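A short write-up of the structure that comes next.
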Amino acid sequence: METATKESAPTLRTNALLNALKQIVRAREFFLVVLIVFIAIVLHLETGHFLTGRNMRAIALGFSAHGIMAVGMAAALVSGGFDLSVGSVYAVGGVVTAVALREDMAFGGLPIELAMALGTLAGVIAGFINGLLITKAGINPFITTLGMMSIARGVGYVITEGSPIARLPQEFFKYGQGAAFFGIPNVILIALVIIFIGDILMRRSAVFRQIYYVGGNPEAARLSGINVDRVRIGVFTLSGMLAAFAGVLSVSRFTVADPGTGMGFELQVIAACIIGGASLNGGKGTVLGALLGLIFVGFINNGMVQLRVPVYWQNLAMGVILLVAVGSDTLSQRLQARPRVKRTEA
Amino acid sequence: MPPLLQASGIVKQFPGTLALDRVQLDLYPGEIHAVVGENGAGKSTLMKILSGVYTADAGEILFEGRRVTPSTPREALQLGIAIVHQELSLVPPLTVAENIFPGRLPTNWLGFVKYGQLFRDARRVLDDLDVHVDPRALVSDISIANQQLVEIAKALSQNCKVLILDEPTSALTEREVEILFSLLKRLAAQGVGILYISHKLDEIFRLSDRITVLRDGQYIGTVKTAEATTDMIIRMMVGRELGSMYPPKADEIGQPLLEVRDLRLPGSSAKINLALRAGEIVGVAGLIGAGRTELARAIFGVDPITDGQILLDGKPISISSPSEAIQHRIGYLPEDRKAAGLFLDMSVKWNIESVNRPAVTSYGFVNPNREAELAREYISRLEISTPSIEQEVRRLSGGNQQKVLVAKWLAIRPRVFMVDEPTRGVDVGAKSEIHHLLRELAAAGVAVMMISSELPEILGLSDRILVMHNGAIVAELDGNAATEEQIMHYASGQAAVAV
């Protein structure tokens with residue numbers, strides 16, 4: 001540290017450039033892109049049809065709902081929390097929309113867009129309650145969202161009495177099954193748009209920037225004039241909203257609202273975010289990273305299917321990948337941190 | 001008498017830095033030996049080598065004449081070398097006794113702890129040191145000063161011959177420091193050798209027998225305290241003459257900017273009245289728990305006031321959150337920069353803009369050019385030494401971290417600036433820079449309120465001194481005429497009725 005005292009402006013600028021370059025190379029995203037390309041090439045050479053439009057489309061379709069949820073989850077992780085209830089809220093969102101659409105049920109058949117909004121609103125409410133419990137009642141995010149995970153799942157079952165809701169209006173399916181541009185399925189486009197906007201907002205928006213400060217050091221954030229509670233409530237509300245919206249879209253795609261769907265999504269999405277560089281300690285992570293984490297997981301899953309790895313192995317493999325990804329990160333951080341001990345105070 | 005501990009030619013290399021370059025040190029039984037140097041001089045590294053946290057790359061350590069190479073803290077302890085770190089290593093939810101004998105708890109044949117014996121043993125250790133702490137008390141319930149004493153008791157209970165203390169007084173009040181010092185002197189009289197690291201030269205002159213000075217990882221020299229002067233030590237530490245330690249005081253003081261009327265702190269019945277005027281530095285002295293930090297936090301809206309009134313420019317305002325205080329351009333630099341001040345894992349840039357976020361925002365989005373500009377402006381203004389604006393604050397030295405913290409508050413161009421222990425854990429050079437900066441701010445018309453537990457700092461910098469005791473302001477003294485004795489007299493509550 002002592003070497004870099006009081007540089008003149010030009011050196012500072014060249015250094016900044018060099019540093020920016022170093023940061024890009026050192027960033028988790030860069031590493032992941034390299035890894036993803038590598039895996040894709042290996043799988044393609046191995047199977048001969050991995051990098052085809054059809055296969056890519058299948059992977060993207062399979063993970064579009066996760067992609068939407070990952071935006072909210074990334075925000076939750078950056079804020080220093082996480083949301084275990086997204087899988088259940090995903091199911092509830094779909095169920096509420098389906099109920100609202102059916103003429104023979106409680107709402108007597110609402111217009112399609114209104115029914116979709118209502119389903120999404122269910123997620124907003126669940127997320128808002130999560131936020132309130134975490135901030136105002138001081139229950140930690142793990143317990144709060146674990147509780148909400150169970151409650152939302154229960155609500156879905158109570159509403160449907162356990163059986164899936166089908167016989168929905170044909171018109172509703174255009175969102176989930178259509179392909180409005182260049183034959184790319186709508187659900188993929190919608191997911192990409194949400195991810196894109198989410199990434200820009202997290203990167204640049206002044207409001208979203210507060211999430212990083214809150215996750216980095218809540219006390220310092222409070223003393224810096226940030227309304228920490230409001231930010232946390234906002235983040236969980238966002239996460240609930242996106243999860244429910246993803247659920248609504250999936251009903252439109254599969255034509256059936258199943259109260260038991262989305263189980264385990266929360267862990268898959270959290271894993272993708274963590275592989276993408278988010279930290280459970282908060283203050284770190286990007287939406288882009290979460291997307292790359294998801295692509296990585298998606299490629300591995302798909303690759304295993306293509307290579308005819310028995311299904312039973314897939315859970316095992318995913319767990320190992322998560323631990324290796326996070327473990328290597330922690331280790332490299334610790335290695336980097338070693339000289340720091342001296343540098344900060346010698 | 002042969003030395004107890006003798007280190008010579010110690011070299012320690014870290015990636016990118018030579019932390020210690022052929023450093024030497026010797027310690028005699030019964031001696032209190034101070035080790036001083038600016039941040040980054042290598043004091044802590046040397047102590048970590050002596051106590052087995054690090055291993056030296058070269059050099060030799062003789063302990064009681066035998067060559068030793070402690071490679072873990074446990075080995076050092078077995079030799080009889082114990083260290084009390086700056087950050088205490090006690091376990092708060094356990095009792096004092098359990099903390100004194102960790103890993104050495106007396107157990108019965110079933111492996112259960114024999115608490116009766118444990119508490120008796122702890123009592124004996126504490127009594128030997130004349131420390132009045134209940135061994136059954138939870139560490140989380142006793143004061144920081146007592147925690148420090150427990151930490152020393154823990155070290156001594158393992159029969160240590162060399163006791164190393166790293167900045168032990170940074171969280172203590174004057175009176176607690178006295179208790180610690182008398183304990184250290186008694187230990188020395190019993191033949192324990194004490195290595196004492198501190199930034200506070202006045203303490204070192206009061207306590208030590210000899211002083212060793214390090215600078216930039218090099219051994220500069222060892223002098224007998226009785227033959228040394230403050231100026232001489234500072235010269236050795238910084239390698240240059242520091243101008244006058246404190247900047248000259250204000251010659252012109254303006255109108256009251258911020259006034260507090262009949263404010264009552266929680267748990268106190270006293271009403272606080274004060275005015276902070278443009279152009280002056282008001283020092284707030286008092287013991288820990290006197291309500292100094294609580295006062296600043298109340299004004300800043302962290303713990304909003306329930307009783308009383310705050311006026312800005314003569315008009316009553318209500319502040320119910322920090323963001324409202326910031327809108328009135330009131331700044332508050334908290335005492336604990338790591339816990340409450342900085343975002344340690346974030347860049348210098350993000351830290352500097354963390355309060356004045358609107359300055360780098362246009363149309364709701366953060367503007368990278370304005371971010372860089374703002375960061376560069378304050379890096380150069382405060383001479384923050386960092387390789388880039390993207391550097392993680394965690395990787396900066398203590399002094400530079402503190403400057404980043406000051407910078408983030410200067411970025412709102414405060415009219416009223418309350419600073420809480422602004423130079424805690426900061427080296428002599430950075431300390432003086434911060435003092436001059438506070439004076440410049442005042443001269444530019446800012447009302448500065450400085451809370452400090454360091455009396456020389458209070459006396460050297462303040463135009464006016466408020467002394468607090470038990471949630472009340474018990475004295476207002478002229479910064480040019482007050483003395484340490486006077487302040488201590490009021491701070492300890494001996495004259496609470498007089499004002």
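Predicted model only: the values in this text are computed from it and were never measured. Within every chain, numbering begins at 1; the chains are lettered A, B, ... in the order of the sequence lines, protein sequences first and strands thereafter.
- Heavy atoms closer than 4.5 Å to chain B are found nowhere in A:F208, neither backbone nor side chain.
- Across B:A372, B:G364, B:G301, B:S380, the residue that shares the most heavy-atom pairs under 4.5 angstrom with chain A is B:G364.
- Judged by distance alone, with hydrogens and angles left aside, the side-chain atoms of A:N217 form a donor-acceptor pair with the main-chain N or O of B:L342 at under 3.5 Å.
- Using non-hydrogen atoms only and a strict 4.5 Å limit, the part of residues 408-419 of chain B facing chain A consists of B:K408, B:W409.
- Your options are B:T361, B:V302, B:L344, and the one with the most heavy-atom pairs under 4.5 Å with chain A is B:V302.
- Chain A is approached within less than 4.5 Å, heavy atom to heavy atom, by B:W350, B:E353, B:S354, B:V355, B:R357 from residues 349-359 of chain B, ordered by number.
- Atom CZ in B:R297 sits 6.0 Å away from atom CG in A:L223 (nearest 0.5 Å).
- Comparing B:F365, B:F343, B:F300, B:Y363 by heavy-atom pairs within less than 4.5 Å of chain A, the highest count is held by B:F343.
- The number of heavy-atom neighbours closer than 6.0 Å to CZ of B:R370, taken from other residues, nucleotides and ligands shown, is above 12.
- Chain B forms more heavy-atom pairs under 4.5 Å with one residue of A:R209, A:R222, A:E219 than with any other, namely A:R209.
- Between B:S323 and A:G225, the shortest heavy-atom contact is CB-O, 3.2 Å.
- Neither the backbone nor the side chain of B:A325 has a heavy atom closer than 4.5 Å to any heavy atom of chain A.
- For the residue pair B:M346 and A:G216, the shortest heavy atom distance occurs at CE-CA, 3.9 Å.
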